[in-house]
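Single-structure report; data block below.
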Amino acid sequence: MGLYEPQPAPGTASRAAIGRILEVAGSGAFCSLDARMLALLAADGPAPPGSIGSHVKLKVGARWVIAQVRSLKRVEADGDLILAGIDFVGEGECGGEDGDALLRFRRGVTHLPLPGCALHAADEADLAAVFATGETAHVRIGTVHASQAIPAALYIDSLLSRHFAILGSTGTGKSSATALVLHRICEAAPHGHVLMIDPHGEYGASFRHTGAVFDVTNLAIPYWLMNLEEHAEIFVTARGTERQGDIDILAKCLLAARGRNRAADGLVRLTPDSPIPYLLSDLSQLLTAEMGKLDKGGVGLAPYQRLRARIEEIKADPRYAFMVSGMLVADSIAPFLTRMLRLGDEGKPIAIVDLSAAPSEVTPVLVALLARLVFDHALWSRGADARPVLLVCEEAHRYIPADADTPARRALERIAKEGRKYGVGLGLVSQRPSDLAEGVLSQCGTIIAMRLNNERDQAYVRSAVPEGGRGLIDAVPALRNREAVVVGEGIAVPTRIVFDALEPDKLPASRDPSFAGDWSRPGHDPARLDRTIARWRAQGR
C-alpha cells in the first residue's frame with residue numbers, strides 16, 4: 001500500500017501529494033515520501049521527482065514554498081516509504097484557477113510549513129517560474145539538469161559584485177566553462193572591463209577576435225609601477241635576518257630615485273610605493289653613493305653589493321625585457337591602464353595577460369602588481385569617475401596559497417574582502433580549492449563547482465557554501481564533464497546545470513595531448529626539434 005490511496009490516474013499524478021513533512025528544523029525539514037507515487041510520476045514526467053537535487057513544493061497559506069531534496073533514506077520496514085531531507089529555497093504566490101500555479105518566485109521563505117504539510121512534485125511550469133530571470137540583467141550558460149528545456153542563467157550584477165569561483169578537477173571542462181561564462185558576459189556588456197590572468201596561455205586562442213591578448217612580446221609593464229614590497233620580491237635575494245636590512249636600504253634608495261623625477265615635484269607625500277617613474281641607473285648610482293659613505297672593506301657593504309648585482313643581472317636578462325626595457329621609463333601609467341583595463345571604446349572588453357613565457361620567479365609579482373593596480377584604480381576613481389572592473393585569476397591556488405604569505409595573496413585577498421565597495425569583482429578559477437588561503441573561497445558569493453575527485457577539495461568547498469547548498473555539493477564527485485553545481489547569489493536557486501557547448505572557434509587551447517594518438521605514428525622531425533630549441537633559447541614563442 002502507498003501512503004496516499006487511491007492512486008491518481010495517469011496524467012494527473014503531478015497534482016497528488018507525494019509525501020508529508022515530519023519535522024521542521026531551521027532552513028530545512030525531514031519528510032516522508034511515497035515510493036509508489038514517485039515511480040508513477042517518473043513515468044508521467046520528464047525528470048524523476050524526489051531524486052537528489054529535485055524540487056518539491058508545499059502550500060503555506062496563500063504561497064507555495066519551494067524546497068530542494070538534499071538526502072534520501074529507504075525505510076526497510078516499509079518498501080514504499082522513503083525518508084528525505086529537504087532545504088527551503090524560496091516561495092511564490094499561488095495562481096491559476098485552482099491555485100496550483102507558482103507565480104512571482106523569490107528567494108527566502110516568509111513562513112515555514114508545519115509538520116503534516118503535504119508535499120507535491122514541482123512540474124515544468126514551476127521550474128520555469130523558479131528560474132525565470134524577468135528583467136534582471138543575466139547571461140545564459142546552459143540548462144537546468146532536471147529539465148533541459150529550462151535555461152540556466154547567471155545574474156550579472158550579483159555574480160560579479162559578490163565575486164565568483166569556478167572549481168573543478170583537471171579534465172572536467174573547467175577551462176571551457178570559464179571561457180563560456182566570460183564570452184557570455186562580454187557579449188552582454190561590450191563596453192565592460194575584464195582583466196584575466198592566464199598563466200598557461202590557454203585563453204588567447206579563445207578571445208583572439210573579441211579581446212586583447214598580451215604576452216611578454218607586447219605586455220610592456222613598467223618596472224616602476226611596482227611598490228616597495230614587489231621590488232623586494234625581485235631585487236632582494238637575501239633571506240633570514242639579512243633580508244629586512246636589504247629591504248630598508250632598497251626603500252631609502254628607491255625613494256630618492258623616485259624623487260629625481262619631475263612628476264614628484266610638489267607632491268606632499270612621496271613614498272617608495274608612489275607610482276613615479278625612475279631610472280634603474282639612478283637606483284644603482286644611489287646604491288653606489290651610499291656605499292661610499294661606509295668604511296671600505298666593511299661587512300656593511302655586502303647588502304649594497306647584493307642589490308647592485310641583482311639589478312645589473314635583471315637588466316642584462318632578456319627574459320625581463322618586457323618590464324625593464326629602457327623604453328619603459330616614461331610616465332606611461334595612463335596608457336598602460338587604458339590597455340589593461342579596456343578603458344578605450346574598442347569593442348573588446350577583455351584583456352588576456354598570458355604569463356606562460358614570463359620567468360617563473362617574477363610571475364607572482366606580476367599578478368600582485370596587476371591585482372593591486374586594479375584595486376588602486378578603483379579606490380582613487382570613486383564617485384562619478386568609477387568604472388567597475390572584473391579581475392579573473394586562473395590557477396588561483398598558485399597566487400593565494402594557504403601555506404605562504406605573498407604580495408599576490410595579500411593583493412587578491414584585499415580585493416576579495418573589500419573589492420565590492422569599490423566596484424572590483426573577482427573571479428577565481430582553480431582545480432585545487434583546498435590549497436587556497438582559508439576564507440577566500442567563502443568571500444565568493446557564487447560557486448560553480450564541477451567534478452572534484454579529491455575528498456579534501458570536496459570538504460573545503462562544502463564548508464564554504466551556504467547550508468542550503470551543501471546537499472548538492474555532495475553530488476559533485478558524480479558530475480559528468482560539462483556539468484556543474486551552481487550555488488549562491490548569481491543564480492535563482494542552488495541547482496545542477498549542464499553547460500552549453502561553446503563555439504569551436506572560441507574554445508581555449510586546453511586540449512590534453514593524446515598519447516595513444518600521437519604515439520601511433522612516426523613523430524621524429526629534425527625541423528620540429530630545431531624550432532623548439534630556437535624558442536627555448538630565445539625564451540619566447
Side-chain angles (χ1 to χ4, degrees), residues 216 219-333 335-336 358-370 372-373 376 406-408 410-411 539:
V216 294
L219 182 56
I221 182 169
Y223 60 88
W224 51 263
L225 284 174
M226 295 187 296
N227 61 16
L228 174 61
E229 186 178 45
E230 292 151 3
H231 272 85
E233 287 294 310
I234 294 180
F235 291 146
V236 177
T237 57
R239 293 292 180 264
T241 57
E242 296 178 334
R243 181 173 178 80
Q244 187 56 51
D246 287 20
I247 293 175
D248 292 340
I249 293 171
L250 177 63
K252 181 180 179 180
C253 295
L254 181 59
L255 176 61
R258 292 194 192 276
R260 291 184 177 184
N261 192 295
R262 291 182 181 179
D265 294 345
L267 286 182
V268 176
R269 186 184 179 190
L270 180 66
T271 72
D273 294 335
S274 300
I276 302 297
Y278 74 91
L279 297 173
L280 282 175
S281 58
D282 284 348
L283 184 59
S284 293
Q285 290 173 8
L286 287 164
L287 286 168
T288 301
E290 290 297 316
M291 286 176 61
K293 300 176 183 179
L294 301 176
D295 294 333
K296 292 184 178 180
V299 293
L301 296 177
Y304 298 91
Q305 293 171 337
R306 283 195 296 265
L307 289 170
R308 284 185 55 197
R310 178 59 175 165
I311 292 172
E312 295 305 316
E313 176 188 341
I314 289 177
K315 287 171 62 177
D317 192 334
R319 298 177 303 160
Y320 290 87
F322 69 96
M323 63 184 300
V324 298
S325 168
M327 304 295 293
L328 301 175
V329 298
D331 188 356
S332 56
I333 187 170
F336 181 77
S360 58
E361 63 268 22
V362 79
T363 300
V365 177
L366 294 178
V367 174
L369 173 57
L370 291 170
R372 183 177 54 79
L373 289 176
D376 286 348
T406 64
R410 288 190 288 274
Q539 292 295 303

Evaluation steps, side chain to side chain contact (heavy atoms under 4.5 Å, CB included), between M323 and I234: CA-CA 12 Å; M323 63 184 300; I234 294 180; 4.1 Å; yes
Under the criterion side chain to side chain contact (heavy atoms under 4.5 Å, CB included), I'd like the reasoning laid out for R260 against Q285: C-alpha separation, chi angles, the key distance, then a yes or no. CA-CA 12 Å; R260 291 184 177 184; Q285 290 173 8; 3.7 Å; yes
After noting the C-alpha distance and the side-chain angles of L283 and W224, does the key distance pass the side chain to side chain contact (heavy atoms under 4.5 Å, CB included) rule? CA-CA 11 Å; L283 184 59; W224 51 263; over 6 Å; no
For a quick test of reading the model, state the closest non-hydrogen atom pair linking L369 to L225 and the distance between them. CD1-O, 3.5 Å
Closest contact, heavy atoms only, R258 versus I276: NH1-O, 2.8 Å
Side chain of E230, backbone of N227: donor and acceptor closer than 3.5 Å? yes
For the atom pair CG (L254) and CG (L287), what is the distance rounded to the nearest 0.5 Å? 10.0 Å
What's the spacing between L373 CG and M226 CE if we round to 0.5 Å? 11.0 Å
Is E233 salt-bridged to R243, cutoff N-O under 4.0 Å? yes
For F322, is there any backbone N or O sitting under 3.5 Å from a side-chain donor or acceptor partner on S325? no
Give me the atom names and distance for the closest heavy-atom approach of P303 to D246. CB-OD1, 3.2 Å
Carefully, step by step, assess I221 and L370 under the rule side chain to side chain contact (heavy atoms under 4.5 Å, CB included). CA-CA 9 Å; I221 182 169; L370 291 170; 4.1 Å; yes
D273 meets the side chain to side chain donor-acceptor pair (under 3.5 Å) criterion, sequence neighbours left out, with none
Can you name the residues that form a ring pair (Phe, Tyr, Trp, His ring centres under 6.0 Å) with Y278, not counting sequence neighbours? Y223, H231
E361 with R319: basic N within carboxylate O range, under 4.0 Å: yes
